[in-house]
2 protein chains.
Amino acid sequence: MAVRKERVDAARNREAVLAAADALFARSDSPRGVSMDDVAAAAGVGKGTLFRRFGDRTGLIRALVEARIEPLRQAVESGPAPLGPATPPYERVPALLDAVLGFKLANRHLALALEETGSGSPYQAEHYQWWHATLRQTLDGLPGLADSSFTAHALLAATRADLVEHLAGTEGMTAEGMRTHIAAYAKQVLGQ
Amino acid sequence: MAVRKERVDAARNREAVLAAADALFARSDSPRGVSMDDVAAAAGVGKGTLFRRFGDRTGLIRALVEARIEPLRQAVESGPAPLGPATPPYERVPALLDAVLGFKLANRHLALALEETGSGSPYQAEHYQWWHATLRQTLDGLPGLADSSFTAHALLAATRADLVEHLAGTEGMTAEGMRTHIAAYAKQVLGQ
DNA sequence: AACCATACGGACCGGCAGTCCGCTTTGTAA
DNA sequence: TTACAAAGCGGACTGCCGGTCCGTATGGTT
């Protein structure tokens, strides 16, 4: 079963689109300010190409996020402490939350775009499911927690992209402040 | 300074629109399935009327929510325990969260519509600010909490409409289950 | 060179939020 | 009762956007 090789023009266009989209989202105040026509034009590509490659708007954004999040995923799945699977739960839970928050801080526009793009709730997204499963399993290694699944959802909710945006924007909270707060909060949830 | 009285036809139309919108949102799977044209048609009213009265889509949804939430607001601002201001913090915090959750469960379509309607993040909405301020003040009456504002945000995030929708829908959690979980979670955050 | 699967691009479509403006209704004052 | 202005009305219209369609071009293969 040979894997059909991607044509060179197709590959070139894919790169151009990803680069253009990334730049556009980074520049724009709100993800809504970036239309698919904008992306196509900036990439020097037709709309048809754009949609055939990525399916729809959500697919495009997901591709961008996926590319950025890959190293983090590796670190969580098979890396060393404090993110890797061998880390003791008490240490790993805050580390996981900090990693999620850190990612959203470093990629605010993308995280926001992904959450905001309506097609289905954020909770259906594959990468949310993965974070949730990982966090839940880690919480399971801890005694005295009522329900690890709900707790995982609740903890992750504290890192929602629009909340991060609000805290950083309207409330003027710094990245460091946020990290400190969520660490303290996680500690509290874990019962010190 | 006389308050210009609302014309009777205007009042009739306002009621018709609110009733029609409420019914439409309740019937539809997703808020996105209800367009402003739909609402106008169902209310037997022109689009112009709709927009002059409510400004925009967000204004319409906000008016619906406001009407429903009024009694709850009263109860929190000047009612008896466990919601009223005289309640001891340890008891009031879970009560407030349960009230928020209960409201979203009882008005899933409206809560979802309000969160989903893009114009500005949910955190800019007047009613979120109010819940946050109330919860923060209550948390301030408690010892040993690192940052009441952040904690209030984090706790409220656990009641986000789309999370509620996900838990009730995809995960099949019952309303009672959810209330129990959030109560336990709140207790945990407060350090028992 | 010949062939065809793959990819390309932009005109096109349906639907939506929000605006505009000529017409109607309502309340009031003569 | 009539006259009149303010308030309200409605639906055609605009601009935009995500997504599709299809005739054309191009890269790989034999």
Side-chain angles (χ1 to χ4, degrees), chain A residues 1-21 24-25 27-64 112-120, chain B residues 1-21 24-25 28-64 112-121:
Chain A
M1 177 87 253
V3 176
R4 282 218 170 280
K5 238 184 70 187
E6 183 180 34
R7 260 168 56 168
V8 296
D9 52 344
R12 188 173 1 101
N13 282 331
R14 201 193 61 240
E15 292 307 320
V17 166
L18 287 175
L24 247 36
F25 280 120
R27 197 170 314 149
S28 169
D29 291 345
S30 154
R32 297 190 179 257
V34 179
S35 73
M36 295 298 271
D37 289 78
D38 291 342
V39 174
V45 146
K47 259 181 105 169
T49 304
L50 189 49
F51 279 93
R52 186 164 4 78
R53 186 65 53 183
F54 298 99
D56 58 12
R57 188 183 165 89
T58 305
L60 171 60
I61 297 170
R62 195 166 296 166
L64 284 166
L112 208 53
L114 189 57
E115 263 187 27
E116 204 165 280
T117 295
S119 96
Chain B
M1 176 88 248
V3 177
R4 282 223 170 278
K5 238 183 70 186
E6 185 179 31
R7 263 169 56 167
V8 297
D9 53 344
R12 187 170 3 99
N13 281 332
R14 200 192 62 238
E15 293 306 320
V17 166
L18 288 175
L24 247 37
F25 279 120
S28 168
D29 292 344
S30 153
R32 293 186 183 258
V34 180
S35 74
M36 294 300 270
D37 289 78
D38 291 342
V39 173
V45 144
K47 261 180 102 171
T49 303
L50 188 49
F51 278 93
R52 188 162 4 78
R53 186 67 51 184
F54 298 100
D56 59 10
R57 188 183 165 89
T58 305
L60 170 61
I61 297 170
R62 195 165 296 165
L64 284 167
L112 206 54
L114 189 58
E115 260 186 29
E116 204 165 280
T117 295
S119 94
S121 84

> M36(A) and D56(A): which non-hydrogen atoms are nearest, and at how many Å?
Replying inline: CE-C, 4.2 Å

>> Can you list, in residue-number order, the parts of residues 11-21 of chain A that come under 4.0 Å of DNA chain C, counting heavy atoms only?
In response: N13(A)

>> As an exercise, state the distance from CG of L64(B) to CZ of F54(B), rounded to the nearest 0.5 Å.
In response: 7.0 Å

> Tell me: CG of D9(A) to P of dA25(D), nearest whole Å?
Replying inline: 15 Å

>> Checking R62(A) now: which residues fulfil side-chain contact (heavy atoms from CB on, under 4.5 Å) with it, not counting sequence neighbours?
In response: T58(A), E66(A)

> dG8(D) P sits how many Å from F54(B) CZ, rounded?
Replying inline: 13 Å

>> Between R53(A) and V45(A), is the side chain to side chain contact (heavy atoms under 4.5 Å, CB included) condition met? List the steps.
In response: CA-CA 11 Å; R53(A) 186 65 53 183; V45(A) 146; over 6 Å; no

>> Counting the atoms with a prime plus P, OP1 and OP2 as sugar-phosphate, which does R57(A) contact under 4.0 Å by heavy atoms, base, sugar-phosphate, or nothing?
In response: sugar-phosphate

> Over how many whole Å does the gap from R7(A) atom CZ to dG9(C) atom P extend?
Replying inline: 11 Å

Which pairs of donor and acceptor atoms, one on a side chain in residues 10-19 of chain A, lie under 3.5 Å apart (sequence neighbours left out)?
residue, atom, partner, partner atom, Å
N13(A), ND2, D9(A), O, 3.4
R14(A), NH1, E6(A), OE1, 2.6
R14(A), NH1, E6(A), OE2, 2.5

> Considering only side-chain heavy atoms of D56(A), which listed nucleotide, dG19(D), dA7(C), dC9(D), is closest?
Replying inline: dG19(D)

> Tell me: CZ of R53(B) to P of dG18(C), nearest whole Å?
Replying inline: 17 Å

> Atom CG of L60(A) and atom C1' of dC17(D): how far apart are they, to the nearest Å?
Replying inline: 15 Å

>> So, does T49(B) get its side chain near the phosphate of dG8(D), meaning an N or O under 4.0 Å from OP1 or OP2?
In response: no

>> Distance check needed: dT26(D) C1' versus E6(A) CD, whole Å only.
In response: 15 Å

> Can you list the residues that meet the side-chain contact (heavy atoms from CB on, under 4.5 Å) rule with S28(A), with sequence neighbours excluded?
Replying inline: V34(A)

> Between dG18(D), dC8(C), dC9(D), which nucleotide has the shortest distance from any of its atoms to the side chain of R52(B)?
Replying inline: dC9(D)

> Got a sec? Which of residues 33-47 of chain B come in under 4.0 Å of DNA chain C, heavy atoms?
Replying inline: S35(B), M36(B), K47(B)

> Which residue pairs pass the side-chain hydrogen bond (donor to acceptor under 3.5 Å, both in side chains) test when at least one of the two sits in residues 42-52 of chain A, sequence neighbours left out?
Replying inline: D37(A)-K47(A)

>> Is the phosphate of dC16(C) approached by R32(B) (side-chain N or O, under 4.0 Å from OP1 or OP2)?
In response: no

> How close do A21(B) and V39(B) get, heavy atom to heavy atom, and via which atoms?
Replying inline: CB-CG1, 4.0 Å

> What are the two closest heavy atoms between L112(A) and P31(A), and how far apart are they?
Replying inline: C-CG, 4.1 Å

>> If you only use heavy atoms from C-beta on, which nucleotide in dG19(D), dT19(C), dG8(D) is closest to the side chain of F51(B)?
In response: dT19(C)

